[in-house]
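See below for the structure under consideration.
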Amino acid sequence: MSGEIESDGESGAPIWAAFGDLMSVLLGAFVLILVGVVVLQVELSDRLDQEVKQRQAEAKRRQSLEQALAVPLAAGRVTLVDGRIGIRGSVLFALNSDQLQPEGRELLHSLAAPLAGYLASREEILMVSGFTDDRQVREGNRQFADNWALSAERALTVTRALIAEGVPANAVFAAAFGAEQPVGSNADEEGRARNRRVEIAPMPRPSAPRDAH
């Protein structure tokens, strides 16, 4: 009788050992899954924190720019939309001309110091962009081949004026968009007047290329 009992005990031992191994595997898998979930949550939290910080920095940047341009903005001489400073072409130039008018030169003089001060504490540069309406350059005006040339020369004129007024030359550059980025309808004069404009937009300074060895 006792021999039978001992035999039963011996046959049950492997079953409990296998069960213990299975529980160990399951526990290990659960721990790995838990660790994976925790790591994922940490990564998502870090990404969220970075996004919040970026948005806060962008909002602070725009607020600083608004403060720097408070006087010309209050006077209605410029607009500030999404960080871009907009100036109507009629304020700066006569129709089909790249020569600054007295009012335009005075306005750029008032903008230069605030812009230079804004750039002094930031790794940013200014992109000066020229835009036109979709009307072709007036016949007989041989100075400009097309609206691309006109918008380029206007952007260069504003860029040079800002540099002459104290904006660092390595912190500003010109770009031409011609008639390709309208903000109003070219079907009427009011819309075309809005499209003839110059915009000044801060943007991150490009990283200096590393020397190749």
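All residue numbers refer to positions in the sequence shown, counting from 1.
Hydrophobic clustering keeps Phe177 apart from Ile200 (ILVMFWY residues linked when any side-chain heavy atoms are closer than 4.5 Å, directly or through intermediates). Linking ILVMFWY residues whenever their side-chain heavy atoms come closer than 4.5 Å, directly or via other members, places Ile163 and Leu119 in the same cluster. When hydrophobic clusters are built by joining Ile, Leu, Val, Met, Phe, Trp and Tyr residues whose side-chain heavy atoms come closer than 4.5 Å, directly or via intermediates, Leu69 is grouped together with Leu126. Side-chain heavy atoms closer than 4.5 Å link hydrophobic residues (I, L, V, M, F, W, Y) into clusters, and following such links, possibly through other members, connects Leu107 to Leu73. Under a hydrophobic-cluster definition in which Ile, Leu, Val, Met, Phe, Trp and Tyr are linked whenever side-chain heavy atoms come within less than 4.5 Å, directly or via other members, Val78 and Val91 are assigned to the same cluster.
In this structure, Glu190 places its CD atom where only 12 or fewer heavy-atom neighbours from other residues, nucleotides or ligands lie under 6.0 Å away. The number of heavy-atom neighbours closer than 6.0 Å to CZ of Arg135, taken from other residues, nucleotides and ligands shown, is 12 or below. Sparse packing is recorded around CZ of Arg194, with 12 or fewer heavy atoms of other residues, nucleotides or ligands lying under 6.0 Å away.
Judged by distance alone, the side chain of Ser45 and the main-chain N or O of Gln41 form no donor-acceptor pair under 3.5 Å. Remark: the backbone N or O of Asp98 is paired with a side-chain donor or acceptor of Thr157 at under 3.5 angstrom. Although no hydrogens or angles enter the test, the distance criterion places a donor-acceptor pair under 3.5 Å between the side chain of Asp146 and the main chain of Ala149.
The minimum heavy-atom distance linking Gln101 with Ser90 is given by the pair NE2-O, 2.8 Å. Annotation for Gly83 and Pro202: closest pair O-CD, 3.2 Å, computed over non-hydrogen atoms. When all heavy atoms are compared, the tightest approach of Val198 to Phe93 is CG2-CE1, 4.1 Å. Looking at every heavy atom in both residues, Ala155 comes nearest to Gly130 through CB-N, 3.7 Å. When all heavy atoms of Leu150 and Ser97 are compared, the pair lying nearest together is CD1-O, 4.0 Å. Counting all heavy atoms, side chain and backbone alike, Arg84 lies closest to Ala201 at CG-CB, 3.9 Å.
Rounded to the nearest 0.5 Å, atoms CZ (Phe173) and OG1 (Thr159) are 9.0 Å apart. Considering OG1 of Thr132 and CZ of Arg197, their distance stands at 9.0 Å, rounded to 0.5 Å. Between atom OG of residue Ser151 and atom CG of residue Asn195 there is a gap of 12.5 Å, rounded to the nearest 0.5 Å. Atom CD in Glu106 sits 10.5 Å away from atom CG in Leu111 (nearest 0.5 Å). Here Glu165 contributes atom CD and Leu162 contributes atom CG; the two are 8.0 Å apart, rounded to the nearest 0.5 Å. Atom CZ of Phe131 and atom CD of Gln181 lie 6.5 Å apart (nearest 0.5 Å).
For the pair Arg196 and Asp133, the salt-bridge criterion is met [side-chain N within less than 4.0 Å of a carboxylate O]. A salt bridge between Arg105 and Glu103 is absent, with no side-chain N of the basic residue lying under 4.0 Å from a carboxylate O of the acidic one.
For the pair Ile125 and Val172, the minimum side-chain heavy-atom distance is 4.5 Å or more. Between Leu108 and Leu92 there is a side-chain heavy-atom pair separated by less than 4.5 Å.
Side chains of Tyr118 and Glu124: a donor on one and an acceptor on the other come within 3.5 Å.
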Applying side-chain contact (heavy atoms from CB on, under 4.5 Å) to Ile85 and Glu199, what does each step give before you reach the verdict? CA-CA 5 Å; Ile85 304 163; Glu199 291 183 356; over 6 Å; no

